[in-house]
Amino acid sequence: MPILAGLRTAAPAHVLSQGEIKPFVTALFRESLGKDVDRLGQVFDAAGIRTRHVAMPLEWFEHDRGFAEKNACYVEGALDLAARAAQGCLERAGIHATDVDHVVVASTTGLATPSLEARLANRLGFRADCKRTPLWGLGCAGGAAGLARASEFALADPEAFVLFVAVELCSLTFQRNDFSRENFVATALFADGAAAVLLAGSAAASRLNGHGPLGLHAVAPRLQVVRAASRIRPDSLGVMGWDVNDDGLKVVFSRDIPRLVREWVGPEMESFLRAQGLGWSDISHLAFHPGGPKVLASYEEELGLPASALAAAREVLADFGNMSSPTCLFVLERLLEQGVSPGERILVAALGPGFAAEMVLLSAVS
């Protein structure tokens with residue numbers, strides 16, 4: 001089974017508190033929304049977020065920005081973040097960029113052709129024969145889905161090191177002239193970040209020289225990727241995603257997401273575990289994407305989980321907000337920092353457009 005050999009996250013330098021963002025956004029929307037802005041503003045207080053990192057300073061968002069300008073900022077900012085996360089991941093794993101055989105990049109908050117992994121190749125110095133796979137359109141599910149696809153590449157080629165990077169600049173999709181509830185809620189939740197994971201095929205893992213996923217020699221256990229699964233719900237394309245208009249990417253998400261977690265996602269997760277001969281009591285840690293407080297509460301309600309089971313997800317949400325695809329990997333990194341013992345299992349899971357659920361089962365080995 002492939003080994004998760006390195007993991008590193010990165011966030012932009014601009015750090016904003018929820019207390020700064022709320023009055024800024026309500027002031028922008030007050031003329032158009034009137035008294036409704038105060039009612040909608042309560043979503044900032046209920047989001048469970050203290051701080052968020054964004055690619056541009058707050059004053060940048062005071063003015064209308066066209067799609068071309070926002071996308072240019074995306075290409076530059078996403079490449080910088082992806083490079084920081086990727087370089088840190090390789091250093092933790094104890095290998096060089098020239099050792100990487102395949103690069104997979106997931107990102108859905110902007111457009112880049114040449115794609116981001118081609119730009120990363122020039123920035124970090126991957127070999128000319130390094131394979132590249134860009135993933136677009138997976139949204140918040142991209143972190144778990146990309147981890148699964150990268151592990152499958154490493155399973156197919158045991159000699160390979162496969163680097164996976166998830167990077168999103170959600171803040172750049174903000175539209176000042178979108179007065180919908182969805183845009184307001186997105187403004188209260190979304191943020192920017194990147195995460196990189198190195199997967200090593202079974203033969204490549206022997207060349208890691210004792211490094212663990214956090215770069216610690218012979219301390220942190222190795223993580224094996226045991227199994228992954230994708231589930232898509234029929235006739236649910238309108239649950240979340242983007243509409244494209246003249247201002248760029250306009251957020252789409254449904255009020256039904258917490259209900260779908262209870263009625264559909266929970267049973268699909270249980271089915272996935274049963275197929276491995278496991279139940280919830282066999283899972284020691286949950287690296288769930290924290291879409292928001294209501295989604296986390298729905299997980300707890302449907303799966304019968306104590307609040308402590310999703311503590312790391314809530315901590316990441318509080319410190320970084322919802323960064324879309326890399327967020328579940330921020331949660332995984334935090335769980336590893338807090339300590340994972342040999343023999344314990346971790347379930348990584350995230351939801352995204354489709355409407356889809358992505359799941360990856362990891363096992364810690366000595």
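Keep in mind it's a predicted model, so treat the numbers as computed, not measured. By convention here, the first residue in the shown sequence is residue 1.
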Checklist entry - Does the side chain of L16 come within less than 4.5 Å of F24's, by heavy atoms? => result no

Checklist entry - Do V252 and W242 share a hydrophobic cluster (ILVMFWY, side-chain heavy atoms under 4.5 Å, transitive)? => result no

Checklist entry - Do the charged groups of E159 and R207 touch, with an N to O distance under 4.0 Å? => result yes

Next on the checklist: Looking at Q18, I want to see if its CD is surrounded by more than 12 non-hydrogen atoms of other residues, nucleotides or ligands under 6.0 Å.
Outcome noted: yes

Item to check | K294 atom NZ, over 12 foreign heavy atoms within 6.0 Å | outcome: no

Checklist entry - Tell me, do R345 and Q276 make a side-chain contact under 4.5 Å, heavy atoms counted? => result no

Checklist entry - Do E117 and L163 come within less than 4.5 Å of each other through their side chains, counting heavy atoms only? => result no

Next on the checklist: Within the structure provided, determine whether E168 and L81 are in side-chain contact (heavy-atom separation under 4.5 Å).
Outcome noted: no

Next on the checklist: Per the salt bridge (Lys or Arg N to Asp or Glu O under 4.0 Å) rule, what does the pair list look like for residues 7-17, sequence neighbours excluded?
Outcome noted: none

Next on the checklist: Just to verify, what does F184 make a ring-ring contact (aromatic ring centres under 6.0 Å, His included) with, not counting sequence neighbours?
Outcome noted: F29, F44

Item to check | Among R52, R314, R50, salt bridge (Lys or Arg N to Asp or Glu O under 4.0 Å) partner for D319 | outcome: R50

Checklist entry - Any side-chain heavy-atom pair from L362 and V360 closer than 4.5 angstrom? => result yes

Checklist outcome for this item: Sorted by chain and residue number, the side chain to side chain donor-acceptor pair (under 3.5 Å) partners of T26 (sequence neighbours excluded) come out as none

Checklist entry - For residues 51-94, which residue pairs qualify under ring-ring contact (aromatic ring centres under 6.0 Å, His included), counting only residues two or more places apart or in two chains? => result H53-F320

Next on the checklist: So V54 and I21, do their side chains get closer than 4.5 Å, heavy atoms only?
Outcome noted: no

Item to check | Test item: side-chain donor near acceptor, N245 and Q175, under 3.5 Å | outcome: yes

Next on the checklist: For a 4.5 angstrom cut-off between non-hydrogen side-chain atoms, does K70 reach L249?
Outcome noted: no

Item to check | Minimum side-chain heavy-atom gap I95-L208 below 4.5 Å | outcome: yes

Next on the checklist: Just to verify, which of L199, L7, V104 counts as forming a side chain to side chain contact (heavy atoms under 4.5 Å, CB included) with L147?
Outcome noted: L199

Item to check | With sequence neighbours excluded, residues passing salt bridge (charged side-chain N to carboxylate O under 4.0 Å, His left out) with D129 | outcome: R127

Item to check | Results of salt bridge (charged side-chain N to carboxylate O under 4.0 Å, His left out) for D80 - residues two or more places apart only | outcome: R123

